[in-house]
Chemist: 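Just dropping this structure here.
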Amino acid sequence: MSAAPLPPLPPVPGIEDDDVDFGGDNMLDLLDEDHRQLTSLCERLVAPGAQEKARAQDIEDVLVATLARHLSAEEQYLYPTVKAVLPDGAPIADQEIAADAELLIALQQLHVTSAADEAYRTVLDAVATHVRDHTHRTGEEVFPVSANSAPTPSSSGSATGS
């Protein structure tokens with residue numbers, strides 16, 4: 001059993017944990033991959049190539065959806081684990097949640113600002129800066145200490161830590 005108490009997965013009628021192989025990437029690997037995708041989406045919006053200019057609204061929509069899902073996953077899974085596993089986890093998690101709230105406000109502004117609006121570039125740059133700051137803080141400061149403090153289940157464990 002992992003020392004990191006993760007929220008349980010919802011039950012699936014007729015399927016027991018013993019019937020499922022919980023192998024695969026761990027939470028930190030998945031969130032780190034999200035960071036790479038978010039960084040790439042921001043780069044494509046901030047400095048678009050010819051194809052990106054034609055599809056800027058589609059790229060922005062993907063950024064909004066991906067970022068909202070990512071921040072929700074961190075708040076639901078990562079930060080409770082950080083609070084439970086790290087001695088100073090509560091203030092770290094609280095700081096990240098506050099920063100994420102600011103990012104969500106900037107993201108909402110981006111979503112409601114037309115690309116033709118003069119303020120669009122300023123709002124886009126603010127979102128990109130928030131994303132860069134977020135990926136740096138969590139990727140360089142939160143993930144490494146979390147990975148070192150919370151043993152991951154081996155082949156005999158489950159994703160829920162049971």
Chemist: Of all heavy-atom pairs between T135 and R132, which one has the smallest distance, and what is that distance?
Modeler: OG1-O, 3.1 Å

Chemist: Enumerate the salt bridge (charged side-chain N to carboxylate O under 4.0 Å, His left out) contacts for residues 67-83, please, sequence neighbours excluded, ordered by first and then second residue.
Modeler: D34-R69, K83-D94

Chemist: Are L78 and F143 packed together at the side-chain level, in the sense that at least one heavy-atom pair is separated by less than 4.5 angstrom?
Modeler: yes

Chemist: Please check if L31 and L38 belong to a single hydrophobic cluster, counting links between Ile, Leu, Val, Met, Phe, Trp and Tyr side chain heavy atoms closer than 4.5 Å.
Modeler: no

Chemist: Looking at every non-hydrogen atom in both residues, tell me the closest pair between N26 and D29 and how far apart they are.
Modeler: OD1-N, 2.8 Å

Chemist: Locate the shortest heavy-atom distance separating Q37 from T66; write the atom from each residue and the value.
Modeler: OE1-CG2, 4.4 Å

Chemist: Would you mind listing every ring pair (Phe, Tyr, Trp, His ring centres under 6.0 Å) that reaches into residues 80-123, with sequence neighbours excluded?
Modeler: none

Chemist: Indicate, with yes or no, if L71 and V82 share a hydrophobic cluster defined by side-chain heavy-atom contacts under 4.5 Å among Ile, Leu, Val, Met, Phe, Trp and Tyr.
Modeler: no

Chemist: How long is the straight-line distance from SG of C42 back to CD of E60, given to the nearest 0.5 Å?
Modeler: 10.5 Å

Chemist: Between side-chain atoms of residues 99-109 and protein atoms elsewhere (two or more places apart, or another chain), which donor-acceptor pairs fall under 3.5 Å?
Modeler:
residue	atom	partner	partner atom	Å
D100	OD1	H134	ND1	3.1
D100	OD2	Y79	OH	3.2

Chemist: Determine whether I97 and L67 fall in the same hydrophobic cluster, where Ile, Leu, Val, Met, Phe, Trp and Tyr are linked whenever their side-chain heavy atoms lie under 4.5 Å apart.
Modeler: no

Chemist: Side chains of R44 and L41: does their closest heavy-atom pair fall under 4.5 Å?
Modeler: yes

Chemist: Measure the shortest side-chain to side-chain distance between D117 and V123 over non-hydrogen atoms and say whether it is less than 4.5 angstrom.
Modeler: no

Chemist: Out of curiosity, H70 NE2 to L63 CG, how far, rounded to the nearest 0.5 Å?
Modeler: 11.5 Å

Chemist: Which pair of non-hydrogen atoms, one from P91 and one from D88, has the smallest distance, and what is that distance?
Modeler: CD-O, 3.2 Å

Chemist: Quick one: closest heavy-atom pair of P144 and G139, and the distance?
Modeler: CD-O, 3.4 Å

Chemist: Is the closest side-chain donor-acceptor distance between T39 and R36 under 3.5 Å?
Modeler: no

Chemist: Check whether V46 and V131 end up in the same hydrophobic cluster, where Ile, Leu, Val, Met, Phe, Trp and Tyr are linked by side-chain heavy atoms less than 4.5 Å apart.
Modeler: yes

Chemist: Would you give the length of the straight line joining atom CG of L124 to atom OG1 of T113, rounded to the nearest 0.5 angstrom?
Modeler: 10.0 Å

Chemist: Between R137 and D133, is there a side-chain N and carboxylate O pair less than 4.0 Å apart?
Modeler: no

